[in-house]
Amino acid sequence: MKEPTERPARVVPPRRRGPLRVLAWTGGAALLAAAVAAAAVGFGGDGTGTTVATRTPPAVAKVTRTTLTATKTVDGTLGYGDPVTVSGKSQGTITWLPGEGSTITRGHGVYSVDADRRSLLYGTVPLYRTLENGVEGRDVEQLERNLDKLGYDGFEVDNEFTWTTREAVEEWQEDLGHEVTGRVQPGDVVIAAGPIRVAELKKALGDTATGPVLTATGTTREVHVNLDVADEHLVRKGMKATVELPDGSKVDGKVTGVGKVATETGSGNEATTTVEVRVSVSKLKKAFDAAPVDVTIVSDQRENVLAVPVGALLALAEGGYGVQVVEGAATRYVPVETGMFADGQVEVTGVEEGTTVAVPK
């Protein structure tokens with residue numbers, strides 16, 4: 001009788017401890033959902049980034065310290081701003097008009113009635129009454145300030161129309177060739193906040209002087225943007241912008257105003273709600289009076305951060321992101337925390353500056 005044969009003991013391989021499993025190269029945060037749907041691929045390691053491969057990837061990049069700038073480009077319209085109407089307030093006949101597109105500054109004529117020039121004065125208070133001896137108010141101070149800027153003196157710039165003010169007015173009227181009365185009536189001048197540019201003539205020579213005479217704008221070209229209210233948080237007064245003109249050239253811009261009132265246009269599914277954003281432009285070399293433009297605004301910026309190309313990111317089965325660190329002929333996977341995405345790069349923490357990472361082609 002044969003003695004029973006002894007069976008060899010079964011060898012049980014040791015368990016691996018918590019490997020990092022890579023789902024897919026993300027190419028960016030927007031691909032995370034697709035990566036999660038991919039089949040999990042297990043890689044050796046203990047979760048602390050041990051060596052998992054011995055062949056150098058085809059493309060690599062360094063972890064660099066940089067400034068990331070996120071931008072958004074929106075449509076805008078270049079022009080001189082919204083026109084305002086200049087209306088005549090005195091009886092008579094239009095005897096002179098400026099040319100459309102011309103610029104008018106303080107003291108110069110905006111139009112003429114019965115050969116008398118209607119001069120431009122700077123200010124914000126409409127001239128609603130006759131200014132004469134004994135009158136007081138902000139409109140008096142506005143008149144005196146303009147007379148002072150035009151070179152007339154002998155009076156104090158305040159809110160009182162005195163006999164010294166009257167003498168300055170008489171001297172001004174004499175220089176203009178007007179009837180010397182020592183008082184200023186609402187139809188004698190045009191009030192504007194600053195220099196104006198003639199946009200469109202509403203009268204012709206020989207027409208009666210009452211009613212709309214012309215429309216005018218400011219003299220500084222600016223860009224108007226109807227910005228979706230969802231993007232309103234991206235802009236603020238004073239922030240920089242870049243404006244691309246129809247010929248492809250670019251100029252610097254700055255946000256000068258953000259509207260506080262939202263406007264809805266369209267209806268149903270086509271309805272949009274926007275706020276008006278104004279952007280001033282500088283160093284314009286071409287005479288674009290009005291043109292469609294692209295406005296690029298800096299929506300966010302992160303300075304002195306570590307970043308890698310977006311393509312270096314990979315999605316981990318355990319959740320979150322990682323990068324494949326290259327060390328000579330070996331590589332390992334290291335989890336990272338991501339921050340801002342911009343300019344094809346992503347802010348990361350968890351790796352050191354100068355580290356080499358794989359960037360699949």
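By the criterion of side-chain heavy atoms lying less than 4.5 angstrom apart, applied directly or through intervening Ile, Leu, Val, Met, Phe, Trp or Tyr residues, Val225 is grouped together with Val258 in one hydrophobic cluster. No continuous path of hydrophobic side-chain contacts links Tyr80 to Val223 [ILVMFWY only; heavy atoms under 4.5 Å]. In this structure, Val298 is not a member of the same hydrophobic cluster as Val277, with clusters built from ILVMFWY side-chain heavy atoms closer than 4.5 Å. Both Leu227 and Val255 are part of a single hydrophobic cluster, where members link through side-chain heavy atoms under 4.5 Å apart. By the criterion of side-chain heavy atoms lying less than 4.5 angstrom apart, applied directly or through intervening Ile, Leu, Val, Met, Phe, Trp or Tyr residues, Phe341 is grouped together with Leu306 in one hydrophobic cluster.
To the nearest 0.5 Å, atom CG of residue Asp153 and atom CD of residue Glu171 are 7.5 Å apart. Annotation: the span from Arg302 atom CZ to Thr67 atom OG1 amounts to 10.5 Å, rounded to 0.5 Å. The distance from the CD atom of Glu167 to the CG atom of Asn133 is 10.5 Å, given to the nearest 0.5 Å. In this structure, the separation between CG on Leu131 and CD on Gln142 is 9.0 Å, given to the nearest 0.5 Å. Taken from OG1 in Thr71 to CG in Asp343, the straight-line distance is 6.5 Å, to the nearest 0.5 Å. If you take OG1 on Thr103 and CZ on Arg197, they are separated by 7.0 Å, rounding to the nearest 0.5 Å.
In this structure, Pro186 and Thr130 have side chains that are in contact, with non-hydrogen atoms separated by less than 4.5 Å. Side-chain contact between Leu120 and Thr105 is absent, with no heavy atoms from C-beta onward closer than 4.5 Å. Side-chain atoms of Val351 and Val357, non-hydrogen and from C-beta on, never get closer than 4.5 Å to each other. Put simply, the side chain of Val305 reaches to within 4.5 Å of the side chain of Leu68, judged on heavy atoms. The shortest distance between side-chain heavy atoms of Val293 and Val295 falls below 4.5 Å. For the pair Pro98 and Ile104, the minimum side-chain heavy-atom distance is below 4.5 Å. In this structure, the side chains of Asp82 and Glu276 come closer than 4.5 Å at one or more pairs of heavy atoms. No side-chain heavy atom of Val190 sits under 4.5 Å from any side-chain heavy atom of Leu121.
Phe161 pairs with exactly one of Val184, Asp139, Val169 by the side chain to side chain contact (heavy atoms under 4.5 Å, CB included) rule, that one being Val169. For the side chain to side chain contact (heavy atoms under 4.5 Å, CB included) criterion with Asp158, the lone passing option out of Glu141, Glu144, Glu136 is Glu144. When each of Thr93, Ile94, Thr95 is tested with Ser112 by the rule side chain to side chain contact (heavy atoms under 4.5 Å, CB included), just one qualifies, namely Thr95.
A distance-only check finds no donor-acceptor pair linking the side chain of Glu232 to the backbone of Val275 [under 3.5 Å]. Thr164 places no side-chain N or O within 3.5 Å of a backbone atom of Phe155 that could act as its donor or acceptor partner. Side-chain atoms of Asp207 come within 3.5 Å of backbone atoms of Ala204 as a donor-acceptor pair (strictly under, hydrogens ignored). Checked by atom type and distance alone, the side chain of Thr256 pairs as donor or acceptor with a backbone atom of Arg278 at under 3.5 Å. With Glu347 contributing its side chain and Gly339 its backbone, the two residues share no donor-acceptor pair below 3.5 Å. Judged purely by atom type and a 3.5 angstrom limit, His178 has no side-chain atom pairing as donor or acceptor with the backbone of Glu170. The closest donor-acceptor contact from the side chain of Thr215 to the backbone of Glu200 lies under 3.5 Å. Judged by distance alone, the side chain of Lys203 and the main-chain N or O of Thr210 form a donor-acceptor pair under 3.5 Å.
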Go through the steps to decide whether Gln173 and Thr181 satisfy the test side chain to side chain contact (heavy atoms under 4.5 Å, CB included), and finish with yes or no. CA-CA 8 Å; Gln173 290 173 331; Thr181 63; 3.1 Å; yes

Could you walk me through whether Leu284 and Arg221 pass the side chain to side chain contact (heavy atoms under 4.5 Å, CB included) check? CA-CA 9 Å; Leu284 278 174; Arg221 280 176 285 186; 3.6 Å; yes

Test Leu127 against Val125 for side chain to side chain contact (heavy atoms under 4.5 Å, CB included), laying out the working first. CA-CA 6 Å; Leu127 194 55; Val125 182; over 6 Å; no

Under the side chain to side chain contact (heavy atoms under 4.5 Å, CB included) rule, what do Leu205 and Leu97 come out as? Steps first, then yes or no, please. CA-CA 7 Å; Leu205 297 181; Leu97 289 166; 4.3 Å; yes

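For the 3.5 Å distance criterion, the side chains of Arg118 and Ser90 qualify, holding a donor opposite an acceptor. No side-chain N or O of Glu222 forms a donor-acceptor pair with one of Ser280 less than 3.5 Å apart. A side-chain donor from one of Gln324 and Thr331 sits under 3.5 Å from a side-chain acceptor of the other. A side-chain donor from one of Thr73 and Thr296 sits under 3.5 Å from a side-chain acceptor of the other. Side-chain N/O atoms of Asn146 and Arg106 include a donor and acceptor closer than 3.5 Å. Inspection of the Thr356 and Lys62 side chains reveals an N or O donor paired with an N or O acceptor under 3.5 Å.
For Glu352, the CD atom is loosely surrounded, since the number of other residues' heavy atoms within 6.0 Å does not exceed 12. At most 12 non-hydrogen atoms from other residues, nucleotides or ligands lie less than 6.0 angstrom from CZ of Arg138. Around CD of Gln91, the count of heavy atoms belonging to other residues, nucleotides or ligands within 6.0 Å does not exceed 12. More than 12 non-hydrogen atoms from other residues, nucleotides or ligands lie less than 6.0 angstrom from CZ of Arg65.
Pairing each heavy atom of Val325 with each of Val334, the nearest pair is CG2-CG2, 3.6 Å. Annotation for Arg117 and His108: closest pair CD-C, 4.0 Å, computed over non-hydrogen atoms. The heavy-atom pair separating Val113 from Gly92 by the smallest distance is CG1-CA, 3.7 Å. In terms of heavy-atom proximity, Leu214 sits nearest to Ala216 at CD1-CB, 4.2 Å. Taking both residues in full, the closest heavy atoms of Gly311 and Val359 are given as C-CG1, 4.2 Å, listed atom of the first, atom of the second, then distance. Here the closest non-hydrogen pair linking Gly328 and Val326 is O-CG1, 3.7 Å.
Under 4.0 Å is where a charged nitrogen must lie from a carboxylate oxygen, and between Asp252 and Lys240 no such pair does. A salt bridge links Arg332 with Glu327: at least one charged nitrogen is closer than 4.0 Å to a carboxylate oxygen.
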